[in-house]
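Below is one structure, written out as structure tokens, with a few remarks after it.
Residue numbers begin at 1 in each chain, while the letters A, B, ... track the order of the sequences. None of these values were measured; they are calculated from a predicted model.
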Number of protein chains: 2
Amino acid sequence: MIDIDVLLAWGAAYKKVSAGEIIFKEGQPCSFYYQLVTGKVKWVNIDDEGKNCIHAIVEPGESFGEFPLFDDGPFAATAVADEDSLIIRLHKPVFLQLMQDNPVIHFAFTQMLSKRLRYKFAVIKSFAAHCPEEMISTLLNQLKSEKKNFCGDCNQLNLTRQQIADMTGLRVETVIRTMRTMHEKGDLVISRGKVYCKDMIQRITA
Amino acid sequence: MIDIDVLLAWGAAYKKVSAGEIIFKEGQPCSFYYQLVTGKVKWVNIDDEGKNCIHAIVEPGESFGEFPLFDDGPFAATAVADEDSLIIRLHKPVFLQLMQDNPVIHFAFTQMLSKRLRYKFAVIKSFAAHCPEEMISTLLNQLKSEKKNFCGDCNQLNLTRQQIADMTGLRVETVIRTMRTMHEKGDLVISRGKVYCKDMIQRITA
DNA sequence: TTTCGAATATGACTTCACGCATAAAAACAC
DNA sequence: GTGTTTTTATGCGTGAAGTCATATTCGAAA
């Protein structure tokens with residue numbers, strides 16, 4: 001999100017993490033700005049019984065774990081490396097100074113938060129509808145519009161049913177069954193287990 | 001949220017709305033910054049079948065409907081006056097200029113978005129747990145910590161069960177039954193229909 | 001005080017996602 | 001190729017929230 005050269009100029013440091021490694025834990029106090037350079041990071045709440053609630057699968061260029069930068073609360077979720085990854089991080093006070101000195105970066109950040117919040121509205125709306133189909137299509141629409149978790153050139157989704165379940169709060173079986181129904185209705189295509197989403201009409205989930 | 005004198009100095013205008021009146025509708029494009037001065041405003045998604053999903057009950061001083069200010073998308077939800085209210089609004093380009101000229105106001109705004117997003121994380125987490133009790137206590141904790149929708153001096157909640165239902169995606173009956181269970185477990189007190197929440201231990205819903 | 005509507009409360013029945021079990025099919029390593 | 005693990009798939013019983021019906025209580029207004 002923020003240009004890496006800018007971050008480096010302000011004294012940010014790289015950090016390598018290997019697949020499965022925990023970058024930070026929910027509830028911990030912390031004071032870094034984090035941005036993913038390469039690899040993949042899961043931003044997730046892990047339940048007492050080990051159940052996951054994935055808030056986002058972070059891709060290169062995106063920041064994550066920003067809440068503690070703006071209040072003095074703890075991390076809202078745990079960040080786990082999903083693959084070997086490279087992250088860059090900057091101390092909180094330095095980050096805040098950077099924001100203050102760069103209104104353009106600051107504004108872009110505000111825009112990003114607003115966009116995420118807009119998406120969370122859509123998620124909550126579909127949750128409230130108690131309809132698995134709606135939850136899944138809200139997720140897929142969102143990912144599609146962000147061009148995330150899809151094979152760049154084709155329409156193939158590169159998430160497992162389990163990951164979709166963790167991102168929607170549903171169970172794997174429900175996701176599998178619901179997506180099969182959606183396939184039968186022609187809302188998406190499943191071929192040899194892989195999911196292909198046609199370009200969707202942008203709903204007013206806005 | 002933004003000082004009224006500042007808003008007025010930048011050319012904001014007051015607008016009176018009566019109870020039940022729609023201030024703006026989900027899906028509409030629009031370009032104002034809105035802030036509530038007096039009264040109460042519901043920020044809500046209204047379903048085809050008339051079912052509500054209340055995102056917030058806005059109290060004086062708070063802004064609402066901000067998303068279109070930062071992207072060119074439409075309103076994410078409908079704003080309805082819950083009582084006769086007075087709002088103040090400012091044209092989008094003027095608002096953006098105000099932000100640019102006032103880094104302190106800009107930063108406060110960013111903080112507010114971050115805080116809301118943090119809360120939405122907690123909501124989604126409790127949604128994913130599929131546990132009515134957790135959803136209700138997440139909501140009550142949040143309102144309590146924001147000192148919203150509670151009688152200022154006492155601990156009495158001034159929301160109907162229906163409103164709680166609309167804010168949690170549950171049905172009225174479920175809310176009534178669940179809250180009664182919570183009362184029996186000592187998590188809250190119900191006396192003559194009114195709900196009283198003791199000061200809660202701040203969970204790490206963070 | 002009485003009346004009336006809204007909010008709360010409770011019972012009975014239904015439905016649909018859950019959860020477990022188990023099987024089949026890919027994906028991967030060797 | 002073979003074997004192993006991961007992912008997808010399907011059946012079935014259970015349970016918890018939804019749904020509908022109906023009291024009952026509360027509060028504001030006449």
Atom CG of A:D82 and atom P of D:dT6: how far apart are they, to the nearest Å? 14 Å
For B:F121, the option from A:F64, A:F75, A:W43 that meets ring pair (Phe, Tyr, Trp, His ring centres under 6.0 Å): A:W43
Between B:K185 and B:E133 (salt bridge meaning N to carboxylate O under 4.0 Å), is one present in this structure? yes
Would you give the length of the straight line joining atom CG of A:L157 to atom CG of A:L188, rounded to the nearest 0.5 angstrom? 9.0 Å
Applying salt bridge (Lys or Arg N to Asp or Glu O under 4.0 Å), can you list everything that pairs with A:R116, at least two apart in sequence or on another chain? A:E66
So does B:E134 pair up with B:K125, basic N to acidic O under 4.0 Å? no
Taking only residues two or more places apart in sequence or in another chain, which ones pass ring pair (Phe, Tyr, Trp, His ring centres under 6.0 Å) with A:Y119? none
Reckon A:T174 has a side-chain N or O less than 4.0 Å from the OP1 or OP2 of C:dC18? yes
Upstream residue (5' side of DNA chain D) when A:I190 and B:K194 are each assigned their closest nucleotide: A:I190
Heavy atoms of other groups near A:K115 NZ, more than 12 under 6.0 Å: no
On the nucleotide C:dG19, are OP1 or OP2 found under 4.0 Å from the side-chain N or O atoms that A:K51 carries? yes
Rounded off to whole Å, could you give me the CE-to-P distance for the B:M182 and C:dT8 pair? 15 Å
In whole angstroms, how far is the C1' atom of D:dA17 from the CE atom of B:M179? 17 Å
Considering only nitrogen or oxygen atoms on both sides, find all protein atoms under 3.5 Å from nucleotides 10-16 of chain C and state each distance.
unit_1 : atom_1 : unit_2 : atom_2 : d
C:dG11 : N7     : B:R177 : NH1    : 3.4

Name all residues meeting the side-chain hydrogen bond (donor to acceptor under 3.5 Å, both in side chains) criterion together with B:K92; count only those two or more places apart in sequence or in a different chain, and write none if there are none. B:D72
Do B:R118 and A:F67 form a cation-pi contact, if we require the NZ or CZ to be under 6.0 Å from the six-membered ring centre and within 45 degrees of the ring's axis? no
How many Å lie between CZ on B:F127 and C1' on C:dC18, as a whole number? 18 Å
So which of residues 156-170 of chain A are in contact with DNA chain D, with a heavy-atom cut-off of under 4.0 Å? A:T160, A:R161
Examine B:Y34 together with B:F95 and report whether their ring centres are nearer than 6.0 Å. no
Note the angle between the end axes of the helix from C:dT1-D:dA30 to C:dC30-D:dG1, five pairs defining each, rounded to 10 degrees. 50°
For C:dG19, does OP1 or OP2 lie under 4.0 Å from any side-chain N or O of A:R171? yes
Side-chain ion pair, B:E62 and B:K148, N-O less than 4.0 Å: yes
